[in-house]
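Working notes for the structure below.
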Amino acid sequence: MTLNPQTPKAYRLLHDGILAFARAEQQGIRVDLDYVEKKKIWVTNKMDKLEDHFKRTNLYHHWAHAVKGKININSGTQLAHFLYNVKKIEPVKFTVTGKGATDEEALKQLNIPELDILLDRTRYKKAWDVLNGFEKEQVTGFVHPFFNLHLVRTYRSSSDSPNFQNIPKRDEEIMQICRRALVPREGHQLVEIDFSGLEVRIAACYHKDPKMLEYINDPKSDMHRDMAIQIFMLDKFDKTKHNILRQAAKNGFVFPEFYGDYFGNCAIGMAYTWCKLPQSKWDRGQGITLDGDNFTISDHLIAKGISSLDDFTDHIRVIEKDFWENRFPDYAEWKDRWWKIYQKYGYVDLLTGFRCSGVMGKNDSINYPVQGAAFHCNLWTFIELDRIMQKEKWDTHLIGQIHDSIIMDVHPAELPHVIETAKRVAGTDLRNAWPWIIVPLDIDIEYCPIDGNWSEKVKL
DNA sequence: GGAACTCGCCAC
DNA sequence: AAACGTGGCGAGTTCC
């Protein structure tokens, strides 16, 4: 892609950003090499046991026979051929090239217990790959991930060698295995600051939808809670019992809708990923259990008259229509307007002074400027903290960044000052520098114990 | 023997 | 009518 800053200030942001990132790259992140070495063996053992278990199944022997002994359990291609051509199972999911898929979602739905062993092994293999990456890239006990500003078409950053922006987090066990490897310098602690709801807030700077601004400005309001109530037809929202449904609404409906997805995919995603419900007709007792109740999500939905994925999809269709027509009409209008601008001029401009051009679809023309400008808020904050860190000669260092967050290796005595500074830079200075930010911005802080590791991160 | 591709999976 | 944005990386596979 071609970098396309339209103003000296925009150019300057990248120039200063590269220099600040270079300092973080040079600093690096400390790795517990003893741990990595031992844990890789442990993970290998785990994988071997699962492999042995799988090798004792009939499915394995059929597969081995089908490929004349040249079986490779790491090969999705081979598995697809065996399942869909040899065994003639009808795929429930297809890849972009139209072949039967063998990812987790596809295999789970085949209801073949033997395949669960294979899927479990894949989890550990992922962990092994991450640990191996740290080991391969470390130099005298430190990894030095690169943070690139010239590779992403939305003007976000990328990271490599190792990629510091995709270390497992969601799967608790795999997260623990991987993040335990990253530690602070002696006597220090790892701290992460992250912007709350950054992309949603920056999007609001473009479309200025009053309902969205209300959600952002009123700390008592909660868009995801409201959507959970609507989607799952809750009479009363219980913070602990229904938190999983709030997560489902947020990550399965609200965010995909903002990215340009539609109700069909959202319904499938929410039913499968979050509620653990099958694609067929739902029976009572299926799916996740609502915390503190002897009551599953299917019990609840069936009682509300929704007893299959088809019913649920119809339901989400209505909610989508309401979402864009009644809840966020100005946001919806902005999306159409922005797409028309792209169609007329062939480019869209970011609020931060950059231009996106080239062939784009509607979703791109809406997503790129939001993603880019949101990241630039994080970049500006990174640059400013880096500048202050040098000027005040902190024994605290910026060591990484993940789109809307900054990771630091902090001297404990400096922690209060670092937090205070970060809150001021992100919450006040940034808005003063960029008056187009018409929404409040704030950061959440997470920290690890002194001499702890990155898996021990907790909210302040 | 390496480049290019596909697939799957991790993050935001 | 059609239908999810941005990356990196490993492994397997195919092509030249």
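A, B, ... follow the sequence lines: proteins, then strands. Residue 1 opens every chain.
Using a 4.0 Å heavy-atom distance criterion, A:V96 is classed as a sugar-phosphate-only contact. Using a 4.0 Å heavy-atom criterion, one finds that A:K136 contacts the sugar-phosphate atoms exclusively. Within 4.0 Å of A:A101, counting heavy atoms only, lie sugar-phosphate atoms of the nucleic acid but no base atom.
With a 4.5 Å cut-off on side-chain heavy atoms, A:F323 and A:Q230 do not count as touching. Inter-residue side-chain proximity for A:L13 and A:I383 is flagged as met; some heavy-atom pair is nearer than 4.5 Å. Residues A:E199 and A:Y259 form a side-chain contact, since some pair of their non-hydrogen atoms from C-beta on lies under 4.5 Å apart. Side-chain contact between A:I244 and A:I297 is absent, with no heavy-atom pair separated by less than 4.5 Å. Annotation: side chain of A:I73 is in contact with side chain of A:E51 (closest heavy-atom distance under 4.5 Å).
A:D129 has no carboxylate O lying under 4.0 Å from a charged side-chain N of A:K126, or vice versa, which leaves the two without a salt bridge. In summary, A:D330 and A:K208 do not engage in a salt bridge, as defined by a charged side-chain N under 4.0 Å from a carboxylate O. Under 4.0 Å is where a charged nitrogen must lie from a carboxylate oxygen, and between A:D314 and A:R317 at least one such pair does. Contact check on A:R246 versus A:D222 returns a salt bridge, with a Lys/Arg side-chain nitrogen under 4.0 Å from an Asp/Glu carboxylate oxygen. Contact check on A:D444 versus A:K459 returns no salt bridge, with no Lys/Arg side-chain nitrogen under 4.0 Å from an Asp/Glu carboxylate oxygen.
Within residues 157-170 of chain A, the residues that have a heavy atom under 4.0 Å from DNA chain C are, in order of number, A:S158, A:S159, A:D160, A:S161, A:N163, A:N166. The stretch residues 198-206 of chain A has no heavy atom under 4.0 Å from DNA chain C, so no residue of it qualifies as close. For DNA chain C, the residues of residues 254-264 of chain A within the heavy-atom distance limit of 4.0 Å (strictly under) are A:Y259, A:G260, A:D261, A:Y262, sorted by number. A heavy atom closer than 4.0 Å to some atom of DNA chain B occurs in no member of residues 43-50 of chain A. Contacts with DNA chain C (heavy atom under 4.0 Å) in residues 360-369 of chain A: A:N363, A:D364, A:N367, A:Y368, listed by number.
Under the salt bridge (Lys or Arg N to Asp or Glu O under 4.0 Å) criterion, A:E257 pairs with no residue at all, not counting sequence neighbours. Every residue two or more places apart in sequence or in another chain that forms a ring-ring contact (aromatic ring centres under 6.0 Å, His included) with A:H242 is listed here: A:F237. For A:Y84, the side-chain hydrogen bond (donor to acceptor under 3.5 Å, both in side chains) test picks out no residue, with sequence neighbours left out. Remark: A:Y60 engages A:F54 in a ring-ring contact (aromatic ring centres under 6.0 Å, His included) (not counting sequence neighbours).
Each of A:N74, A:D48, A:D116 was scored for a side chain to side chain donor-acceptor pair (under 3.5 Å) with A:R121, with one residue passing: A:N74.
Atoms CD (A:Q401) and P (C:dG8) sit 13 Å apart, rounded to a whole Å. As rounded to whole Å, 10 Å separates atom P of C:dG12 from atom CD1 of A:I73. For the pair A:N74 CG and C:dC9 C1', the computed distance is 15 Å after rounding to whole Å. Rounded to a whole Å, the CG atom of A:L118 is 16 Å from the P atom of C:dA11. Rounded to a whole Å, the NZ atom of A:K335 is 12 Å from the C1' atom of C:dG5. In this structure, A:L79 places its CG atom 14 Å from C1' of C:dA11, rounding to the nearest Å. A straight line from CG of A:N251 to P of C:dC4 spans 18 Å, rounded to a whole angstrom. As a whole-Å value, the separation of A:I316 CD1 from C:dC4 C1' is 16 Å.
For the residue pair A:N453 / A:S455, a side-chain donor-acceptor distance below 3.5 Å is found, with atom types taken as modelled. Side-chain polar atoms of A:N326 and A:D322 form a donor-acceptor pair below 3.5 angstrom.
Aromatic rings from A:W454 and A:F164 are positioned such that their centres are separated by under 6.0 Å. In summary, the aromatic rings of A:F255 and A:H224 are positioned with their centroids under 6.0 Å apart. In this structure, A:F328 has its ring center at least 6.0 angstrom away from the ring center of A:H207.
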Item to check | Chi angles and distances behind the side-chain contact (heavy atoms from CB on, under 4.5 Å) call for A:L398, A:R23 | outcome: CA-CA 8 Å; A:L398 308 192; A:R23 257 184 294 282; over 6 Å; no

Give each protein N/O atom lying under 3.5 Å from an N/O atom of nucleotides 13-15 of chain C, with the pair distance.
residue, atom, partner, partner atom, Å
C:dT13, OP1, A:S75, OG, 2.9

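Within 6.0 Å of OH in A:Y447 there are 12 or fewer heavy atoms belonging to other residues, nucleotides or ligands.
A:Q165 places a side-chain N or O within donor-acceptor distance of the main-chain N or O of A:Q401, the cut-off being under 3.5 Å.
Residue A:R153 places its side chain closer to C:dG7 than to any other of C:dA11, C:dG7, C:dG5.
Comparing the axis of the opening five pairs of the helix from B:dG1-C:dC16 to B:dC12-C:dG5 with that of the closing five pairs yields an angle of 0°, rounded to 10°.
Protein chain A contacts DNA chain B over a range whose 5' and 3' limits, counting nucleotides with an atom under 4.0 angstrom from a non-hydrogen atom, are B:dT6 to B:dC12.
The cationic atom of A:R201 (NZ for Lys, CZ for Arg) does not lie both less than 6.0 Å from the six-membered ring centre of A:F195 and within 45° of the ring axis.
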